[in-house]
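Below, all heavy atoms of this structure are taken into account, side chains as well, without hydrogens, waters or symmetry copies.
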Amino acid sequence: GQNIDQPTEMTATEGAIVQINCTYQTSGFNGLFWYQQHAGEAPTFLSYNVLDGLEEKGRFSSFLSRSKGYSYLLLKELQMKDSASYLCAVRDRQDSSYKLIFGSGTRLLVRP
Amino acid sequence: EAGVTQSPTHLIKTRGQQATLRCSPISGHTSVYWYQQALGLGLQFLLWYDEGEERNRGNFPPRFSGRQFPNYSSELNVNALELEDSALYLCASSLGGARASTDTQYFGPGTRLTVL
């Protein structure tokens, strides 16, 4: 089957570092995406991993281990505007489809 | 460069009515994906169109349908609306064909459908 798990909520302090974990099970893995979604808005693309390892993009980094079915998103130097939901999504190539399978999202609250 | 656009922003309908939602992809993108995000739930895949054809659909009843036009814009139709169809409907676009397997999906702002 297909399953994506991530924590429901996390709280962190402005200026700190936070790591949001994601574990997945899918039969047709073809890449993992992280999106940021502010309440009532569209998801915006943050990062993409298809090979094992760390991808760094400014204050955001994402890590993937395909053998463990595990990824994390690392946010450094947290800002108040980082308060949002973070969505982990796996691209599934089963049935020749490249749909994204999403977790339920992790709501991050950044406190002053 | 313009992003993915969707219309209308909000749509209010009553049970049994039909809703039509529209999406224009990023210029150069031929793949359009539709997702439903019900309150408190994750995004659920609805439909995928590429180069004018329906390529795949998610686990939704047949009253959810759509099409893609020659200019690659797309329309999602929901017939016989039910209360549980109330959700944010998101459209995403990407490069199509063989590149659909590697390209990122970029999302539009969504249409919030409320069924009364």
Side-chain angles (χ1 to χ4, degrees), chain A residues 1-9 20 22-51 55 57 60 62 64 73 84-107, chain B residues 3-7 9-10 23-26 29-51 53-60 87-114:
Chain A
Q2 300 161 336
N3 195 43
I4 313 252
D5 286 315
Q6 49 182 133
T8 305
E9 283 188 1
I20 302 174
C22 171
T23 58
Y24 66 88
Q25 287 179 302
T26 182
S27 51
F29 179 83
N30 191 31
L32 187 142
F33 295 80
W34 285 95
Y35 288 86
Q36 179 192 61
Q37 186 178 29
H38 285 98
E41 297 182 11
T44 55
F45 169 71
L46 289 178
S47 71
Y48 169 61
N49 296 72
V50 66
L51 300 176
E55 293 284 340
K57 201 186 271 190
F60 294 78
S62 58
L64 174 67
L73 179 69
S85 287
Y86 291 85
L87 312 180
C88 174
V90 170
R91 179 159 53 200
D92 181 18
R93 63 166 177 254
Q94 197 175 31
D95 301 328
S96 299
S97 159
Y98 299 107
K99 62 181 180 283
L100 295 179
I101 302 167
F102 283 85
S104 297
T106 298
R107 193 159 63 241
Chain B
V4 179
T5 59
Q6 291 186 245
S7 64
T9 306
H10 293 89
C23 171
S24 290
I26 291 171
H29 285 185
T30 63
S31 264
V32 171
Y33 298 80
W34 287 96
Y35 294 87
Q36 181 196 65
Q37 188 176 32
L39 193 63
L41 298 179
L43 278 77
Q44 300 292 320
F45 167 71
L46 267 166
L47 289 158
W48 173 35
Y49 293 94
D50 187 36
E51 298 178 346
E53 301 281 334
E54 181 180 306
R55 301 295 183 184
N56 199 267
R57 65 179 294 128
N59 191 24
F60 281 84
L88 181 67
Y89 289 84
L90 292 161
C91 164
S93 79
S94 76
L95 294 173
R99 292 171 294 181
S101 63
T102 56
D103 197 40
T104 296
Q105 293 179 26
Y106 295 93
F107 285 84
T111 293
R112 184 160 298 281
L113 173 64
T114 302

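Annotation: maximal heavy-atom pairing with chain B below 4.5 Å, among Glu41(A), Arg91(A), Gln37(A), occurs at Arg91(A).
The shortest side-chain heavy-atom distance between Leu87(A) and Leu43(B) falls under the 4.5 Å cut-off. Contact of the Pro43(A) side chain with the Leu90(B) side chain is registered, since non-hydrogen atoms from C-beta on lie closer than 4.5 Å. In this structure the side chain of Tyr35(A) reaches within 4.5 angstrom of the side chain of Phe107(B), judged on heavy atoms.
When all heavy atoms of Ala42(A) and Gly108(B) are compared, the closest pair comes out as CB-O, 2.6 Å. Residues Thr104(B) and Phe45(A) approach most closely at CG2-CD1, 3.5 Å, considering heavy atoms.
Contact annotation for Gln44(B): neither backbone nor side-chain heavy atoms come within less than 4.5 Å of a heavy atom of chain A. Using a 4.5 Å cut-off between heavy atoms, Asp50(B) makes no contact with chain A at all.
Looking only at distances, a side-chain donor or acceptor of Gln105(B) sits under 3.5 Å from a matching main-chain atom of Tyr98(A). Between the side chain of Tyr35(B) and the backbone N or O of Leu100(A), at least one donor-acceptor pair lies under 3.5 Å.
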